[in-house]
Amino acid sequence: MSDKGSAYRRSIRSVTIIGLIGAMLSVAIVMAVGIASFREFATGNHMREDLLYSTALRAQLQRIYEKLLTAEAGGLGYVVTGRDEFLAPLDQVRADIRKEIDALSQLSAERPQHAISLSELARYSDQEMRLLSDMVETRNAAGALAASNVMETRRGKALMDRIRQVVEQVRNAEVEAIERKTYEVRIAGQRTKRTLLLLLAAAITVVGGSSLVMIAHLVGRRRAELALADTLARHRAILASAMDAIVVITSKGIIETANPVTIRMFGWSPEELTGRHLGLLFVLGEGRSEADLLHRLENFALEGGHAQELTGRRKNGTTFPIDVAVGQMRESDGNRLVAILHDVSERKRAEIMKNDFVSTVSHELRTPLTSIAGSLGLLDAGAAGPLPDAAKRLVGIAHQNSRRLVRLINDILDIEKMQSASVAFARAPVSVAQVAREAIEQNTAYADEHRVRLALDIEEGDSTVVGDHDRLIQVLTNLISNAVKFSPVDGVVRLRVERRGEIVRACVQDHGAGIPKAFRANMFTRFAQADNSDARQRGGTGLGLAIVKDIVERHAGRVSFETHEGLGTTFMVDLPARLPVPPPEGGPSAAHVLLVSGDDAQTDSITATLNGHGIVVECADTAAKAEGYAALQPYTVILLALRLRDSDGIALIRSLRRSERTRTTPLILLSRSGSGPVVEIADWFDIPPERERLIALISRSAVLARTGCVLHLSQGNESRRAVAQALRDLVEVIPAASLDDANAILAQRDCRLVIVDMWPFDLSLDHLCALCRFCAENHLPLAMLSPRSHDPLMARRLDQMFQGETGALPAMLDVVIDHVSDTPAGQGGQST
Amino acid sequence: MRLHILYVDDEPDIREIVTLALGLDPQIGVDTAPSGAAALALAGEKSFDLILLDVMMPSMDGPTTLRQLQQRQLAPPAAVAFVTARTQAHEIAHFMTLGAIGVIAKPFDAIHLAQDVRALMRQAAG
């Protein structure tokens, strides 16, 4: 999903970039077109003006030339005819020729190249005019002949030729220039046309390309929308057909969406649930708030969302067990939790039925079997008088088979218990050599029956492992009885224990027929005997080796075998040897530590370390189990985490302190991270504290024996009065209202117990931490006071305090080991 | 050493078998009671070296019977062991904490029952 999403975002980004580039190109193209068109327009304008100018110039030239021709014609006419009418045009020209020439000079100011020609023209026209005047004067003065002589000099003609040449020259130059310019303008026009065509093509390309990209994007988006709609429809269908209720809640615990299963499971429709708090669907438990529930769910999500069991509540108020799996969703408008609620009523019923069944098998089946096996045993032994041979044989068969049935039932129950891991294995140092001796002892009678001899070889070396003594005996017993069963009469079964590096190995060797090849692969499978007739003949149950494998593997060991047909079989059990850590002073004790924590990794690491010190650790992952274990046997120390799967550590402390057996057992708080100050809790009271228990605590502790006093850190008047009054005649109670007061008092007075009001005392976690550390360092017991209804909150608060701390695990172990070595072996937890 | 044993079980068949099995040892005398209440009455009248209690009995179960016996403060106090099919490790541990000297698992080995009981007594004394 996220891949698709990011691809979609990428495509949107590239489309935007392409659009921007397209727009910029379009603007640039439009500007280029504008500039090109403007330039073309300007060139045309310029050309037109030039043309007009040139035409005017040429026209002026023409007019001057014509005027001069007119003047010449007038002059010549007068000379020839002597009539005055020819003088009028000559005088006319003479009057304005200068003006015309000046006008031409002005006009040609922009044509400097014609300057020389035009000045020549001016000169020639002056000369011409003077010549004509001379001719007229000569005619007037000397008559027609003299004037014709002047004419005969042909000066006039030469001048007029020159003038014509100049005019031609200038006109030709003008025409040439205009032609050249026209040509240039045409070339420039063609270039502009090409440029415009190119720009047009570019514009079409850009606009077309952008449009194509947009269209492609729109099509893609439409497709994505369709796919999204399909996905949504699919998810809706999945949600609608899911067997589990699936609820999306906001970070405040408000239900946003729910699937239709909620009607069947809770009686609430999804519409009714929307906008309500998730707490509506659960039994919150005494003293727990909806916020606690939400916090728990958030923790589930943080811990990987694995299913946890809670109690659900239907609309009609009935309750039922549900497994809740929680996942976190990060969305653009905040975090959400998705909770998947699975009704486990059926599974619970099945579990109860199975447990009932197991219990029935164990009791109801064994009771008649006791009678049958007992009767047959007594008959067989002749307790009811001698039997005829045939009857004795039959009774013998019946007796043997009744015993086989007993073993079968025991084995089935054993393996069932181990599979369901409902049986906690002890984890104590066990000498495999000693286990071997006991196993040989227990099986000698059985071997005798089969006329097989048992031999035991114990090699040098420490054979201590950590594990369950009785279960390890069961392993060797199963292997020995197997070996005996398959040994020939008068054969020997040899049990050998040896240390091999980090491993302790126990081998059971027989000289039987060996294991057929076809069967070797299934040796440790349940009910997998070589063949059924064999099983009947040997009296086995087919479960022995499966049980051996289970037990050995739960000891982190390995079982294997070597077999040679006709020569015999050897089974080898390899168990990890106990770590070579010297036991605490006074040798290995029978000290038991109860470790209460829901964190498997923490449990394993603490167990391994304590086992390494020869301390037996029993583990409980819930408060219920812890109470059960504590009721069964005394413990030297109880380590408990503040937050447990089914409850909180404080409720457990209260309960343990109420129980006779654990009233005085040292209790050490364990943080989830396995670190933090080592806080030993003397007791945890309500507010106000119960007078009797408070007095009992003081009487038990070392306060009275010395001149010591009790420090009471409290801000509540009621609590302070209650404590002071309860202990009035017993011990001096010094109240402190702040941590600074407390520190001052602790420095001056010999306090033997610190009582801390956790409520409503507004102690910062850092300060509390410092106080706990001070108490730990000075071996001062701490008694806490807080209202029972706030236990979950308190537990969370203290747990937070531990979260920030690191590296105190060794310190905690030191305290545990101190307690253990203080306790005489086997005495258990009755120390104070 | 002669032993007086009281066997308490609601199953008449098993009572009979236990009587026979313990009877294999001529030095053991056996009385039986079908319920915890009957056992309490009998224990008040006669003195026993050992009282063997079934655990699962109607109306008054084995552990309750043991507690009542302890409250009666018999003189001399009888040792008490359980004979039961409930033999998971934590169940046995629980019975021991109640003050029993041991637990004999059902189904027991009838032929060796007397030996097992004597071994239990020796263990408790030692």
Side-chain angles (χ1 to χ4, degrees), chain A residues 355 358-385 399 402-410 413-414 416-418 422-426 445-446 468-471 474 592 618 620 625 628-634 660-661 828, chain B residues 7-26 28 30 32 34 52 54-58 61-63 67 82-100 103-117 119 123:
Chain A
N355 289 345
V358 168
S359 152
T360 305
V361 168
S362 79
H363 188 256
E364 298 303 323
L365 218 50
R366 278 173 178 175
T367 302
L369 257 179
T370 309
S371 301
I372 296 169
S375 304
L376 291 171
L378 290 171
L379 271 179
D380 196 26
H399 182 217
S402 70
R403 279 166 59 184
R404 186 171 152 220
L405 192 53
V406 170
R407 281 197 302 277
L408 186 59
I409 290 171
N410 287 346
L413 289 173
D414 256 359
E416 194 279 329
K417 276 184 291 187
M418 265 181 283
S422 64
V423 173
F425 279 24
Y446 180 73
D468 189 311
H469 172 266
D470 294 350
R471 292 289 173 183
Q474 197 180 356
H592 272 58
E618 295 257 13
K625 271 192 201 161
Y629 289 173
L632 281 180
Q633 75 164 84
E660 187 63 45
R661 195 186 279 285
Chain B
Y7 182 73
V8 189
D9 196 323
D10 58 319
E11 288 273 338
D13 291 349
I14 301 181
R15 285 203 302 275
E16 196 167 342
I17 290 162
V18 168
T19 309
L20 277 171
L22 291 176
L24 292 177
D25 183 336
I28 293 180
V30 186
T32 64
L52 293 173
D54 183 23
V55 171
M56 301 279 281
M57 290 187 291
D61 67 1
R67 219 164 295 130
F82 287 103
V83 181
T84 179
R86 311 215 138 230
T87 50
Q88 292 189 36
H90 71 269
E91 291 168 331
I92 292 178
H94 176 59
F95 297 141
M96 300 302 280
T97 61
L98 294 175
V103 175
I104 294 172
K106 276 183 186 173
F108 46 77
D109 181 352
I111 297 156
H112 300 108
L113 184 62
Q115 288 167 35
D116 291 347
V117 166
Q123 214 174 22

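Reminder, nothing fancy here: chain letters follow the sequence lines and each chain counts from 1.
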Inset, instruction - Go through A/L378, A/N410, A/L369 and name the one with the most non-hydrogen pairs under 4.5 angstrom from chain B. - result: A/L378

Tell me which donor-acceptor pairs under 3.5 Å the side chains of residues 107-115 of chain B have, and how far apart each pair is, sequence neighbours excluded?
unit_1	atom_1	unit_2	atom_2	d
B/D109	OD1	B/I111	N	3.3
B/D109	OD2	B/H112	ND1	2.6

Result block: side-chain N/O donor-acceptor pairs under 3.5 angstrom for residues 8-15 of chain B, not counting sequence neighbours:
unit_1	atom_1	unit_2	atom_2	d
B/D9	OD1	B/E11	N	2.9
B/D9	OD2	B/Y7	OH	2.7
B/D9	OD2	B/K106	NZ	2.9
B/R15	NH1	B/D9	O	2.6

Legend entry - Shortest non-hydrogen contact from B/L24 toward A/A383: CD2-CB, 3.6 Å

Inset, instruction - Return the option, out of A/G377, A/A373, A/S371, with the maximum number of heavy-atom pairs under 4.5 Å with chain B. - result: A/S371

Legend entry - Proximal component of A/T367, with respect to chain B [non-hydrogen, under 4.5 Å]: both

